[in-house]
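Here the structure is laid out as structure tokens; the discussion comes afterwards.
Read the numbers this way: they start at 1 and go in the same order the structure lists the ligands and their atoms.
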Amino acid sequence: MNRLFHILAFCLAFPAVAGDMPPPLQDADFLEVDPAKAKIGQLLFYDKILSGNRNIACGTCHHHDLAGGDGLSLGIGEGGAGLGPKRLPQTDTTRIIKRIPRNAPALWNLGARDIAVLFHDGRLEISDLYGNGFNSPAEEWLPQGLDNIVAAQALFPLTARFEMAGDPGENQVSGAVIDRIDYAWPILAKRVRVIPEYGEMFVDAFDNIETCEDVTIVEIANALSAFIASEWRNHDSAFDRYLAGDTEALSAEADRGRALFYGKAACASCHSGPLLSDQKFHAIALPAFGPGKTRRFDPQPRDVGRMAESDLLSDAYRFRTPMLRNVALTGPYGHNGAYPTLEGILRHHLAPLDALDKWTRDQARLPKADWLAFVDFAVQSDHREMARHRRAVDITPVDLSDAEISDLVAFLHALTGETALTRPLGRPSSVPSGLPVD
Ligand code: HEC
Ligand code: HEC
């Protein structure tokens with residue numbers, strides 16, 4: 001009765017605005033997850049057995065203590081040591097030779113059925129192009145049988161040299177990747193299935209697995225996706241309660257921010273729909289730095305975003321619109337983590353070119369590595385690249401007062417789930433391989 005009243009009051013109070021608000025997220029909007037598979041996924045997510053040199057796990061860069069990210073602008077992949085802001089790039093002969101070129105995103109709500117594209121540049125998407133369900137960097141070599149796009153995604157960090165595979169010649173996995181991307185996956189699958197504890201769990205959880213010999217990288221990826229989809233699902237924020245009809249859920253400040261978000265500030269023109277992302281690509285000219293997404297024919301330390309995938313000039317410097325639930329927990333922000341605060345990234349949206357001029361290098365959260373300093377900001381000395389970067393801005397500047405900006409920041413805080421920090425499974429204290437857990 002009370003709830004009905006709220007819904008009624010909601011409709012009456014916001015006849016015009018309510019139409020622009022997305023519907024609340026429901027159970028039916030998410031993939032169903034088998035808890036037994038999610039449990040295997042939890043262990044694998046933190047098990048360094050999946051990295052070429054057995055020295056890094058998914059959880060190292062997407063950690064529970066850091067809300068599913070690593071708290072850095074650009075992280076340190078295999079070869080580093082430690083976690084999050086304390087992660088060190090090493091200093092002796094094993095020192096890393098490159099930072100990870102993009103920010104490690106938190107993995108909130110990727111189990112939503114509507115997710116059609118992943119990575120900052122969308123280089124993985126649901127598609128019939130190769131007959132295996134996905135358009136991905138593995139093209140026709142992606143295996144059949146992956147449950148969903150998150151399972152497909154899980155295969156790529158495994159083969160990435162600087163993330164998990166390691167340098168050529170260091171281990172069998174990195175060697176195999178050089179020959180052909182799909183040669184690496186059976187090596188990793190074998191490492192996992194010969195550990196009796198994993199073998200038994202797979203036999204119990206997967207109908208198609210009779211003996212541990214049957215376990216392939218596909219089941220490993222499906223287990224990882226079951227874990228990610230259930231573990232990082234969270235939509236019980238004040239805003240979610242508001243969408244479900246509780247007109248009192250937002251503070252006065254956050255409610256003014258909501259009105260701006262869906263009105264004058266036009267945030268919802270890109271951060272639209274129930275997931276607060278149109279899953280499309282836009283250029284907002286974040287300050288460029290880091291080693292960039294270099295390609296064989298484009299060795300400059302720069303990141304052209306979506307263009308590297310689509311080959312369309314019009315896509316230069318465009319990146320995917322991020323979803324925003326729990327965003328207050330997941331800084332630094334943007335594809336390269338250019339801004340450590342919500343207010344910073346927000347002010348950048350409102351006046352991108354001014355913000356570019358005012359940005360200072362100390363805002364980048366980069367673990368200290370003197371031998372990488374020459375490349376960290378090299379792109380900023382490339383005047384032609386910087387001019388192209390400034391010309392490609394898809395966002396219209398909006399004039400907001402300081403009070404309005406603080407209302408919008410309050411709204412972004414109202415997207416934090418009440419239970420965001422209490423996850424169903426959490427980080428395991430040990431994993432079946434016996435390797436140390438970060
Ligand atoms: C070295 C750090 C690192 C490790 C290890 C790592 N990731 Fe990531 N992850 C990243 C970065 C950086 C990106 C963004 C890359 C891009 O968009 O170009 C990313 C992107 C993702 C995404 C896509 C998110 C989105 O919104 O598009 C998922 C899902 C993901 N990782 C899961 C995993 C899984 C599963 C593993 C282990 C198999 C893993 N990651 C290992 C750093 C890491
Ligand atoms: C033209 C489309 C567009 C509009 C309008 C827009 N955004 Fe964004 N927003 C983006 C894109 C694209 C990114 C990621 C940019 C990148 O990584 O280079 C982003 C990033 C963000 C981030 C960082 C999220 C993260 O996880 O790193 C926040 C917060 C954000 N936007 C809030 C807002 C707010 C608040 C408004 C309204 C003032 C707004 N956006 C308007 C496209 C837009």
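When heavy-atom distances to ligand 2 are checked against a 4.0 Å cut-off, Leu260 has no atom that comes that close, whether in backbone or side chain. If you look at Val398 next to ligand 2, there are no close heavy atoms at all, none under 4.0 Å. Residue Ser269 touches ligand 2 through its side chain alone, judged by heavy-atom distances below 4.0 Å. At a heavy-atom cutoff of 4.0 Å, ligand 2 is contacted by the side chain of His271 but not by its backbone.
Taking every heavy atom of Ala266 and a limit of under 4.0 angstrom, the matching atoms of ligand 2 come to 5 (C). The distance from ligand 2 to the heavy atoms of Tyr333 drops below 4.0 Å at these ligand atoms: 23 (C), 25 (C), 27 (O). Annotation for ligand 2: atoms under 4.0 Å from non-hydrogen atoms of Cys270 are 1 (C), 2 (C), 3 (C), 4 (C), 5 (C), 42 (C), 43 (C). Counting the atoms of ligand 2 from 1 in the order shown, those under 4.0 Å from a heavy atom of Leu286 are 16 (C), 17 (O), 18 (O).
Side-chain atoms of Glu78 do not come within 3.5 Å of backbone N or O of Gly52 as any donor-acceptor pair. Proximity of a side-chain donor or acceptor of Ser51 to a complementary backbone N or O of Lys48 within less than 3.5 Å is detected. A donor-acceptor distance shorter than 3.5 angstrom exists from the side chain of Trp185 to the backbone of Leu155, with no hydrogens or angles considered. Here the side chain of Arg302 pairs no donor or acceptor atom with the backbone of Asp298 at under 3.5 angstrom. At distances below 3.5 Å, at least one donor-acceptor pair connects side-chain atoms of Arg113 with backbone N or O atoms of Phe30.
Partners of Glu170 by salt bridge (charged side-chain N to carboxylate O under 4.0 Å, His left out), not counting sequence neighbours: none found.
Residues Trp232 and Leu110 have side chains not in contact (no heavy-atom distance under 4.5 Å, counting atoms from C-beta outward). Looking at Tyr317 and Leu286, their side chains never come closer than 4.5 Å, going by heavy atoms from C-beta outward. Side-chain atoms of Glu418 and Ser237, non-hydrogen and from C-beta on, never get closer than 4.5 Å to each other.
Checked by distance only, ligand 2 and Leu350 stay at 3.5 Å or farther apart across all their nitrogen or oxygen atoms. For ligand 2, the polar-atom distance check finds no N/O of Asp394 at less than 3.5 Å from any of the ligand's N/O atoms.
Sorted by chain and number, the residues within 4.0 Å of ligand 1 by heavy atom are Ile56, Ala57, Cys58, Cys61, His62, Gly77, Ile100, Arg102, Asn103, Ala104, Pro105, Leu107, Leu110, Leu118, Phe119, His120, Arg123, Gln153, Ala154, Pro157, Leu158, Glu163, Met164, Ile228, Arg320.
Residues Tyr130 and Asn135 share a closest heavy-atom pair of CE1-OD1, 3.5 Å.
Relative ring orientation between His271 and His349 is described as tilted, the plane-to-plane angle lying within the 30° to 60° band.
Here the N, O or S atom of His349 that is nearest to atom 8 (Fe) of ligand 2 is NE2.
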